[in-house]
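Working notes for the structure below.
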Amino acid sequence: MTDVSETIKSRTSANHYDPARKLSDEALAQLIELATCAPSAFNAQNWKFVAVRSDEAQTRLLPLAYNQPKVLDAAVTFIVCGTLQPHLALPGALQPAVDVGILDEATFNGWVGAANGMYKDNATLQRDEAVRSAAMAAMTLMLAAQGKGMVSYPMIGFDAVGVADAFALQANEIPVMLLTVGYAAAANWPQKPRKDVAQVLSFA
Ligand SMILES: Cc1cc2nc3c(=O)[nH]c(=O)nc-3n(C[C@H](O)[C@H](O)[C@H](O)COP(=O)(O)O)c2cc1C
């Protein structure tokens with residue numbers, strides 16, 4: 001593992017992958033274990049991941065990702081989903097924190113009640129939360145991959161309805177992002193320059 005600043009600074013969106021270098025299902029699960037350390041509102045963990053890594057599944061995804069070759073060349077393309085109705089699954093998501101003594105019963109009930117009040121009749125907020133949580137997890141996944149010597153590429157260039165259909169996503173699972181992960185081939189761009197901090201930071 002490298003220093004976190006180095007990991008952040010070395011991450012790029014890598015277009016070119018070594019197609020010969022695959023990842024085991026165990027290695028993919030380790031990446032997702034790290035991704036799920038991302039924060040989410042109420043610790044709802046309202047995300048799901050589909051690891052598209054077999055030849056057949058990659059070929060199925062290719063046209064839905066507008067024929068971007070990295071979908072075939074990368075070891076995996078994760079379909080990073082955010083899930084709607086986070087309040088319904090929240091008790092199950094929080095119970096382990098109660099069981100290990102982090103959350104007391106009053107806090108558990110307070111959070112579940114607050115989440116019900118916020119999300120139950122607010123489809124827009126449910127969708128916002130799904131996108132927020134999936135984006136948090138996707139960023140964590142990219143840094144996890146980078147820290148393990150791999151590269152990644154986030155994509156909005158895909159047919160969301162087609163992907164949901166082709167990979168049998170549930171009605172409450174929103175495909176927020178495709179994310180290729182694998183080992184780099186030559187000719188990837190370096191990280192592009194960023195705006196000066198003074199352009200984006202104000203102090204209050
Ligand atoms: C949510 C998201 C979606 C993106 N979708 C695409 C895409 O569909 N096609 C593409 O070529 N690049 C896509 N990119 C990559 C961006 O162009 C890239 O992150 C940006 O140019 C900065 O470069 P860097 O990631 O190498 O630092 C996406 C990036 C993000 C964060």
Does [X] share a hydrophobic cluster with [Y], counting links as ILVMFWY side-chain heavy atoms below 4.5 Å and allowing steps through other members?
X	Y	result
Leu178	Leu169	yes
Val76	Leu143	yes
Phe203	Val197	yes
Val71	Met177	no
Leu23	Val151	no

Is there a side chain to side chain contact (heavy atoms under 4.5 Å, CB included) between Phe78 and Val50 once you walk through the steps? CA-CA 5 Å; Phe78 289 106; Val50 180; over 6 Å; no
Check against side chain to side chain contact (heavy atoms under 4.5 Å, CB included), Trp47 and Ser40: CA-CA 9 Å; Trp47 43 50; Ser40 54; 3.9 Å; yes
Using 0.5 Å steps for rounding, measure from the [atom1] atom of [X] to the [atom2] atom of [Y].
X	Y	atom1	atom2	answer
Phe108	Leu94	CZ	CG	6.0 Å
Thr12	Gln146	OG1	CD	6.5 Å
Lys120	Leu88	NZ	CG	9.5 Å
Ile79	Met155	CD1	CE	10.5 Å
Thr124	Glu129	OG1	CD	12.5 Å
Thr77	Gln68	OG1	CD	9.0 Å

Assess whether atom [atom1] of [X] is packed by more than 12 heavy atoms of other residues, nucleotides or ligands within 6.0 Å.
X	atom1	answer
Gln199	CD	yes
Asp99	CG	yes
Glu56	CD	yes
Met136	CE	no

Please tell me whether Gln126 and Asn122 have a donor and an acceptor in their side chains that are separated by less than 3.5 angstrom.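 Absent: no donor and acceptor within the cut-off.
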Between [X] and [Y], which heavy-atom pair has the shortest distance, and what is it?
X	Y	value
Thr59	Asp55	OG1-O, 2.8 Å
Val112	Leu90	CA-CD2, 4.0 Å
Tyr153	Ser13	CD1-C, 3.4 Å
Leu28	Arg53	CD1-CG, 3.6 Å
Leu64	Gly162	CD1-O, 3.7 Å
Arg21	Ala75	O-CB, 3.6 Å

Determine whether Met118 and Phe42 satisfy the following criterion, side chain to side chain contact (heavy atoms under 4.5 Å, CB included), listing intermediate values before the conclusion. CA-CA 11 Å; Met118 285 169 61; Phe42 298 106; 3.6 Å; yes
Could you check whether Lys70 makes a cation-pi contact with Tyr17, meaning its NZ or CZ is under 6.0 Å from the centre of the six-membered ring and within 45° of the ring axis? no
When you look at Leu179 and Ser152, which way does the side chain to side chain contact (heavy atoms under 4.5 Å, CB included) test go after all the steps? CA-CA 7 Å; Leu179 182 54; Ser152 62; 4.1 Å; yes
Could you list who else is in Ile156's hydrophobic cluster, with ILVMFWY side chains joined at under 4.5 Å, directly or through other members?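 Joined to Ile156, directly or through intermediates: none.
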Do the side chains of Lys9 and Glu6 get close enough for a salt bridge, i.e. N-O under 4.0 angstrom? no
[X] side chain to [Y] backbone, donor-acceptor under 3.5 Å:
X	Y	value
Ser133	Ala130	no
Lys22	Pro19	yes
Asn188	Ala185	yes
Asn109	Glu105	yes
Glu173	Thr83	no
Asn46	Gly82	no
Asp196	Ala198	no
Gln85	Asn172	no

Would you please name every residue forming a side-chain hydrogen bond (donor to acceptor under 3.5 Å, both in side chains) with Gln45, sequence neighbours left out?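 Partners of Gln45 by the side-chain hydrogen bond (donor to acceptor under 3.5 Å, both in side chains) criterion, ordered by chain and then number, come out as Asn43.
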Name all residues meeting the side-chain hydrogen bond (donor to acceptor under 3.5 Å, both in side chains) criterion together with Arg127; count only those two or more places apart in sequence or in a different chain, and write none if there are none.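 Per chain and number, Arg127 pairs via side-chain hydrogen bond (donor to acceptor under 3.5 Å, both in side chains) with no residue.
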Lys148 and Leu31, any side-chain heavy atoms less than 4.5 Å apart: yes
What class does the angle between the rings of His87 and Tyr119 fall in, given that below 30° is parallel, 30 to 60° is tilted and above 60° is perpendicular? parallel
